[in-house]
Amino acid sequence: MDLNLSAEEMAFRDEVRAFIAAELSPETREKLVLGREIGKHDFVEWQRKLNAKGWAVPNWPVEWGGQNWEPMQEYIFLDELQQAPAPSPLQFNCSMVGPVIATFGSEEQKKKFLAPTANLDIWWCQGFSEPGAGSDLAGLKTTARREGDFYIINGQKTWTTLAQYADWIFVLARTNPQAEKKQQGISFILVDMKTPGVTVRPIQLIDGGREVNEVWFDEVKVPAENLVGQENRGWDYAKYLLTNERMGIARIGVSKQRIRRIKELAKIERYGDTQLLDQPWFREKLVSVEIELKALEITQLRVLAEARKRGKHGEADPNSSILKIKGSELQQVTTELMMDVMGPYVLPFAASMDDEDRTNEPPIGPDYAASAGPTYFNSRKISIYGGSNEIQRNIIAKAILGF
Amino acid sequence: MDLNLSAEEMAFRDEVRAFIAAELSPETREKLVLGREIGKHDFVEWQRKLNAKGWAVPNWPVEWGGQNWEPMQEYIFLDELQQAPAPSPLQFNCSMVGPVIATFGSEEQKKKFLAPTANLDIWWCQGFSEPGAGSDLAGLKTTARREGDFYIINGQKTWTTLAQYADWIFVLARTNPQAEKKQQGISFILVDMKTPGVTVRPIQLIDGGREVNEVWFDEVKVPAENLVGQENRGWDYAKYLLTNERMGIARIGVSKQRIRRIKELAKIERYGDTQLLDQPWFREKLVSVEIELKALEITQLRVLAEARKRGKHGEADPNSSILKIKGSELQQVTTELMMDVMGPYVLPFAASMDDEDRTNEPPIGPDYAASAGPTYFNSRKISIYGGSNEIQRNIIAKAILGF
Amino acid sequence: MDFDFSDDQKLLKESVGKLMASRYGDFEKRKGYQMHPNGFDPAVWAEYAEAGILSLPFSEEQGGFGGGPVETMIVMEEMGTALAVEPYLACVVLSGAILKYGKAEQIIPEIASGEAIVALANIERSSRYDLNDVSLAARRDGDDYVLEGEKSVVLGGGAAGYFIVAARTAGARRDADGITLLLVDAKSPGISRRGYPTQDGQHAAEVSFGSVRVPVANVIGEAGKGLPILARAVDEAIAGLCAEAVGAMDALVKMTVEYLKTRKQFGVAIGSFQALQHRSVDMLVMLEQARSMAIYAALSVDDADPVARGNAISAAKVQIGRSAKFIGQQSVQLHGGIGVTMEYKAGHYFKRLTMIEQMFGDSDYHLRKLAASGAAIAA
Amino acid sequence: MDFDFSDDQKLLKESVGKLMASRYGDFEKRKGYQMHPNGFDPAVWAEYAEAGILSLPFSEEQGGFGGGPVETMIVMEEMGTALAVEPYLACVVLSGAILKYGKAEQIIPEIASGEAIVALANIERSSRYDLNDVSLAARRDGDDYVLEGEKSVVLGGGAAGYFIVAARTAGARRDADGITLLLVDAKSPGISRRGYPTQDGQHAAEVSFGSVRVPVANVIGEAGKGLPILARAVDEAIAGLCAEAVGAMDALVKMTVEYLKTRKQFGVAIGSFQALQHRSVDMLVMLEQARSMAIYAALSVDDADPVARGNAISAAKVQIGRSAKFIGQQSVQLHGGIGVTMEYKAGHYFKRLTMIEQMFGDSDYHLRKLAASGAAIAA
């Protein structure tokens, strides 16, 4: 038993750290530190740098740019990105559609899509959720009707993150409405966002940002060759994809970074005659969260160690549901602590947090205060998306406790 | 709107307070303050004093000793008893079997039982719960078979509080096993504990005390005249009885008294170079509980005010489930605070807490420390008995929220 | 012991409820109000004046209706239910109390008629929630004070025709003595302000005072003795805020339960899941506890003993803050995605409740205050 | 990064597990052990000696097996699962560590053979959890120290053949310097003790020292410099206690889930109710978090920096305490009535977990300690 990184792991971590320090644009980093949304440009620039280094898609097959990393390496990599903080490689590309195409796609699809997907020349978005089917993903109603060499897609997707930047969308659609179980008869189809009949409507979230969208499909005509794998087998591919999503689900690095930031700011902020950070009650609140985070980090590492034993393509580990529950709670609670730092300055709403509306007005109060409220509001979604914490509890109850 | 007691209410409260101060035996009070179990003698002596004053059974019909009090008076009375602290009139007698006999019993039963029940000449215990039916009371299996002028009772009751002191037990037994619904076919029968075939076996609880028992019925022959009301209608009487039980269910006076005691002891206990009570963290914990208790007290008063409007014999108010949930949580959390006061002295186990085993050894550490652990352990039952907090949530979900 | 409203109070509740329903029943209207320069529609404010609620807390001699804390509670609860955006709390409850207790009655008619908004400017860059933490200097010069400094997060400050400024005329930054409340015409030379929306769709301003001259006659109460008046007014505002929170929480709990009953997943209403039912019950319990403490706050505001009053108010604020946080977070969670969207009302309740928890001191702050005072709240 | 046991460690786990199962598999046996004078059966202790676990943490030169913190964790976790009543933690882990680090090796063979129990006497009437808070005086008199005073809640003190006494030889009551650890033969004239069971079915003693003479040669470590040794040993004991708690919690969670699956109410297994399933999940999450921190504690105990070591141990104790409280309370609640009875095992786990939370400082205590140290635990 040993909680320390091995020499190789340590060397790798230092390499990642040095790379980020050298290559990450200070503007992008500054936005992340201040809790502002980063724009398309930040993502693309950074992912291309990672791709040039060979680090954009480490989890893909080696022939398509993968690195064959150990789970631990992958974790170190993501953790360093989160702690920097730097953007992670775009997950829709790298953890979602890329691995699905690489595993189930045709040779033509691989050749056409994988390299530009890795380099973020194509920006993908995910067309899974629907208004009527949130946690009950398999209840989806969007249809893809086969007509000759085409599918005609009709329906509505929602919560489509960053669809406004997307070139392509991967869609789950019902190709056989007569299938016996609702999980059957679903297909996985790639759709060019420029196809006539695709409409994107942004949804503004309570933090003022517009990171998610509704995407409407009205008689959208898609070449049949854009079907991934077999017709009506899309649910299997989606499940495969969602398993990939779970690496780093707890986003411990994000919470660590935020706690460090809170400490910095609590030295600047005054409380009566002292620094806020000198207040025992504030330190107790902070250290209380740190303890849980430390515990979760070790829990995460234990899950990783198990993953290594099972091999990379094992079943989804239901223990990752523990990471999701606790990880989302801790991310949320750190945003509460950040509000505590600001005191009354949490109230002012600084125009809008997203790029387009950003004004050049000076901040109200300290410049770091503006994002505290919005970040807290936005953080409430973390325990909702990707399978709400209630769904995660159902999974654990069944898969681990055997209820 | 007014949160103050009226002049009449204030006068009544003062009268109760003065009566307790004059009449309550210091030994009984001391036991309650130190968290020791009180014995049969304490109960009987005190209830007879209350009865002499006319206060043992204020909630009964006037002709049988009732006082026709407003709900607020009843509350003030109980609250003063709890805060004194003094024993409450034995609930099995006064809130349970007494009102049932007075309302549904025959004239003979009234004449035979009510006066001695009020005076605690007869000690009653409650034969409801069974090993197989905890929260699911209607699932009971004890049977009463009619044979001529007798019922023959067979079965087992459990969690029978203070059965060791009891002269009589009121039993729910199944008289019609063929009834369509499980709530039907149950009868309410009075049984002399001295009847052959009745066996009492104490259950030791984790605090070391023996306040509850199993009661076994083996071909117990009971005169048919001991049936209360009609055969097979016992469930209705039990429901009526359980409604009565809900007055003062939150036991706010008990929590108040314990908080006051904690403050006293936290002045005696040292923490580093100060009184424990001078530690900001300790005061914050304490005041945090006090706030919830104050809120609950007002919630309780609001429920009482509603009760007054509905009249005394209205339906059970599902809001009393709120009082039960929060009241039990607060009682429990005050026992945790009490452990905090003791520090390492919470560990020693002082022989046994119940009367019979009590040794005369001096205490280990401060004399008030011995009961802290056992009181905490014992308090866990508060959220279990009388309808667990989970059952209370089911009630609220259905009756208030309309799920 | 009496929890009933008087007939007049019932009437008030009904009429304010109707007014709010007509102005806020359609949630889209609220977005319209927010587009106005200072974040609210002056026409709605004029209706408040007409309905008499702007003069509610003032005595009849002052041209008001002589409403007490219970009347304020009634109005604020309705405002909470409606998620109203007008600066009622800031101007009528908070500033109104200062004018009342400071016996500066000259501009009460302007408030009552809706002519002028009065905003309290007391917060500074490092003051957080401490009312005694005042640096902004008022230097005596002849028959004037000359103000120099900045005030932050002035509620209703964008629309204010007058500011009540807490200024230091003696003593050091955190001294209790030496704070003077000054009524300042917002048009006075040297004042500049920057209004902005707040996170919860209300409005505030940063105000800077550069050699602003204020006649000595504009002192509210007594020079150097402003803190007790300020503290009392803030206590009244907190009581009002508690009531507003109860209105918002009550609406939010109902809305959430309704949503659970209608929203289907896996072929059934999600309200059929026991875990979600029990969560809703926990929300209800928190709501009822908060309601009790809002009543407690309202009925304690007139306590003659300022320490007892402050303790009761702090206790209420702690409970309200905790309930608001739990109910806000859980209602968003139970709504799922739609709960975090701008177009749906639940998220706006959540945001308002979040800010209410922060305003005038968060739960932790008031808990510490209570602990330090050593007050016995319940026993 | 490696969470696997070595082959030797696996073997240890297996053999200790078997030993515990044979002694504690039948829960009734435990009641029997508790009837012995000092709350445990010397025959079981002798078996521990035979199995080598009494000498486990000592080096081979000291006649031990050279086990480290991971080995102690393995043994303690099994003891937790079994709810073992012997003073293993008190004698082998806690006192053992003092003897090891204080280089007082002379009686290690007596521990290893099971011949002698050694108990640490450091707590006093007002010391609570502060190790520096020592009043009991050791006055130098020729080649002896003369002890005068009382010690409380001496774990394993009833059976002890030796006490390790933390005594003050210099300085004031709460000074860090001036604490001397003395090895004291329990048969020394002037010692009287009163053994008693603890709430969790273990055993402790009050010990009083009336002019007890102890040779200067019995100083452990250096005179006046006992605190660092004491602190390190207590940290090791806390790490062991964390592992014990994990064993107990793991067993209790399993037991509760099993109960929910079999216990029927309303015609169905109560484990079919979603609210109870989700509660069980929350228990599991708390268990896994605790397990992680028990590992963290074990792997931090040998940290060369005493501050870093102490912080890691405090962090672990906080998490363990919180998990123990939640799991203990909820498992009783989910069991219903049977959970609070003496005859059923769940309540005994609950009681042990409750006392573990109190021992060597409760969660609040360690949280405050961490906050005061300003340590960065996770970031």
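Each chain gets a letter, A, B and so on, in the order the sequences are listed, and its residues count up from 1.
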Between chain D and each of [options], count heavy-atom pairs under 4.5 Å; write down the option with the most.
options	value
A:I259, A:N394, A:I400, A:I322	A:N394
A:A397, A:S6, A:S255	A:A397
A:I396, A:L3, A:L293	A:L3
A:I325, A:I262, A:L296	A:L296

Answer yes or no: is there a side-chain heavy-atom contact under 4.5 Å between [X] and [Y]?
X	Y	value
D:Y365	D:Q358	no
A:N378	A:T375	no
A:N319	A:T299	no
D:K100	D:E236	yes
A:Y368	A:E269	yes
D:D4	A:M1	no
D:V285	A:Q392	no

Problem set entry | Polar contact flag, side-chain donor to acceptor under 3.5 angstrom, D:S323-D:Q319 |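 Side-chain D/A pair, D:S323 to D:Q319: present.
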Under 4.5 Å heavy-atom distance to chain D, tell me which part of [X] shows up: side chain, backbone, both or neither.
X	answer
A:K263	side chain
A:Q257	neither
A:K398	neither

Measure [X] against the heavy atoms of chain A and call it side chain, backbone, both or neither at under 4.5 Å.
X	result
D:L299	side chain
D:T256	neither
D:V257	both
D:A269	neither
D:Q274	side chain
D:R291	both
D:M283	neither
D:A316	neither

In terms of heavy-atom pairs under 4.5 Å, which option from [options] contacts chain A the most?
options	result
D:R322, D:Q289, D:M293	D:Q289
D:V318, D:V253, D:D282, D:L260	D:D282
D:A372, D:S363, D:A376	D:A376

Checking the side chain of [X] only, and the main-chain atoms of [Y] only, is there a donor and an acceptor separated by less than 3.5 Å?
X	Y	value
A:E284	D:A371	no
D:K317	D:G361	yes
A:K326	A:A295	no

